[in-house]
Amino acid sequence: VAALLTAVLAAGCAADAAPAAGPAQAATTSPEPTPEPEAEPAPAPEPIAEVRGDVADVVVADLSIANSGLFRDGDPLDVTVPADDAAIDTHVRAVADWLDAHLTDLQTGGDGLVTDVGLTGDPDELSAGLTGPSRPVETARYAFTVGARGSPEWLRVSVTLGRDGEGDTTATFVFVPTGDGEVQLIAADPGVGTTAPTEDAP
Amino acid sequence: VTGLRRTVALALTTCLLAAVTVTAAVAGSSGWRVAPGDGDTLALLLLGSDEGPPRGGQVDGGNADGFQLLFVSGDRQHATFVSVPRDSFVQVPGLGRSRINTCLYEGPERCVDTVRAVFGVEVDGYLLTSMRGFTRGVSRAGGIEVDVPSALRVGGTAVAPGRQVLDGPQALVYARDRKNRSGGDFGRSEAQAELFAEAHRAIVADGSAGAIFRALTELRRHTLTDLTGPQLAQLAFEAVQLPPENVDRVLLPGQLGNAGAASVVFLSPGAEALVQDAADDGRLGS
């Protein structure tokens, strides 16, 4: 991203410099100015293709022990813990933000911000099939299943990426909360999307 | 303990269930990239209570008739189940000389203390279930495929010999029956570890997110544990690196005997060293 910004700034400075040269040239006199060949206009810098995924689904899988058989059904300890919607929303947003940054970085030639995550396998190959500078995504859809006992305990997200002329590309990512609304990637299956989960079959 | 606990999670176990995991081999075939573990050996204590429904007591206050130790190597490439006979006659902290399963009278933490006192091993986390919790968990997870060596029966539930997928009630019979299998209580203890190992094998063979999360979800719902939910999830995916063929099982050796009027098992002199060997790096004899 930094390299791209540098390139954009450099291109912008060059564009600003060109008009500034105009008045200086006009101030010089030449009886028969030779018309210079018209320079081709510099191509406009490619805009940074920032990915903003659509959080399409959030399914909450209740991890409470109610009806588990550990306690008698209906026992005061056999309880369902109400889902903490605010905490779930916070963590879903944190994951979506991470995925947006991940895909945007891949698309601008970066490593997808995964080098430091430390998952098994080659970090360069982790998400290389999802997107890249030569094949930016046009749509991104995030379908969540959140395992929660009140607060979220894990977040599974199925990512579907769309482009004109290509079929969808899918992947699955798994995160856990680390406190203060932050999340940590613990697993990824970059080549496999998963069918829409349900509460009964998370 | 704290170091392991931090990473933890696996779970292979539990109730059966669980072992949620997948292997490097699986990771290779399914494409999973997972957290590699923190390099420390993981030690889990898997307990099955004889109390809780349908009986009247509380799940965390009965006898720990299921008593398994699971050690996973720091690289998550090897693991060993150590099956501890429930009647092992040992020094239970706070209770004196007693069968090891009585540790649960004082709660699962006392069982963790007992493992430390008897075997000199630190446990990173425990998972405790009940008979009904186990039964429902297995049923909701879709059953466990196992090769039943002989006809088994407990109460009105019978299991025929042969390889088959056991539902919850049948899996409970497999885990409990000691009268109709060779080895009696020793054989039953081995069978409990076998269920865990088979559950792990099946999940690895499937390798899908659905299989992993189904096991993880039921493990979470059907056990009491001192591990957090995020720890269990992380453990589950760390376990993805564990090849089923690298999972060993061993029964602690001992001799039947009597302590007063009670039938007990006197552990062999090498039992402690065997546990410590497994705890060292998740492998035996290395």
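Throughout, protein chains are lettered first and strands after them, A, B, ... in sequence-line order, and every chain is numbered starting at 1. All of these numbers come straight from a predicted model, not from anything done at the bench.
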Using non-hydrogen atoms and a 4.5 Å limit, figure out which bit of A:D122 sits close to chain B: side chain, backbone, both or neither.
backbone

Please determine, among A:N67, A:L70, A:V176, the option with the most heavy-atom pairs under 4.5 Å with chain B.
A:L70

If you tally heavy-atom pairs under 4.5 Å between each of B:R140, B:R220, B:M131 and chain A, the highest tally belongs to B:R220

So which heavy atom on A:S68 is nearest to which on B:R221, and how close?
CB-O, 3.1 Å

Pick one of side chain, backbone, both or neither for A:V117, based on which atoms fall under 4.5 Å of a heavy atom in chain B.
neither

Highest number of heavy-atom pairs under 4.5 Å with chain A: which of B:R136, B:E51, B:R132?
B:R136

Between A:T172 and B:W32, what is the shortest heavy-atom contact and its length?
CG2-CH2, 4.0 Å

Interface residues of residues 53-64 of chain B facing chain A - heavy atom cut-off under 4.5 Å
B:P53, B:P54, B:R55, B:G56, B:Q58, B:V59

Distance-minimising heavy-atom pair for A:L119 and B:A35
CD2-N, 3.6 Å

Sort A:R149 into side chain, backbone, both or neither according to what part of it lies under 4.5 angstrom from a heavy atom of chain B.
side chain

On a heavy-atom basis, the closest approach of B:T217 and A:L63 is CG2-CD2, 3.7 Å

Quick check on A:L77 against chain B: is it the side chain, the backbone, both or neither that has a heavy atom closer than 4.5 Å?
side chain

Determine the sole option in A:D189, A:V174, A:I186, A:T120 for which the side chain to side chain contact (heavy atoms under 4.5 Å, CB included) test with B:V34 is passed.
A:T120

Gap between atom CD1 of A:I65 and atom OG1 of B:T223 - 0.5 Å precision
9.0 Å

One option among A:R72, A:Q184, A:E153 has the most heavy-atom pairs under 4.5 Å with chain B, and it is A:E153

Got a donor-acceptor contact below 3.5 angstrom from the B:S130 side chain to the A:G69 backbone?
yes

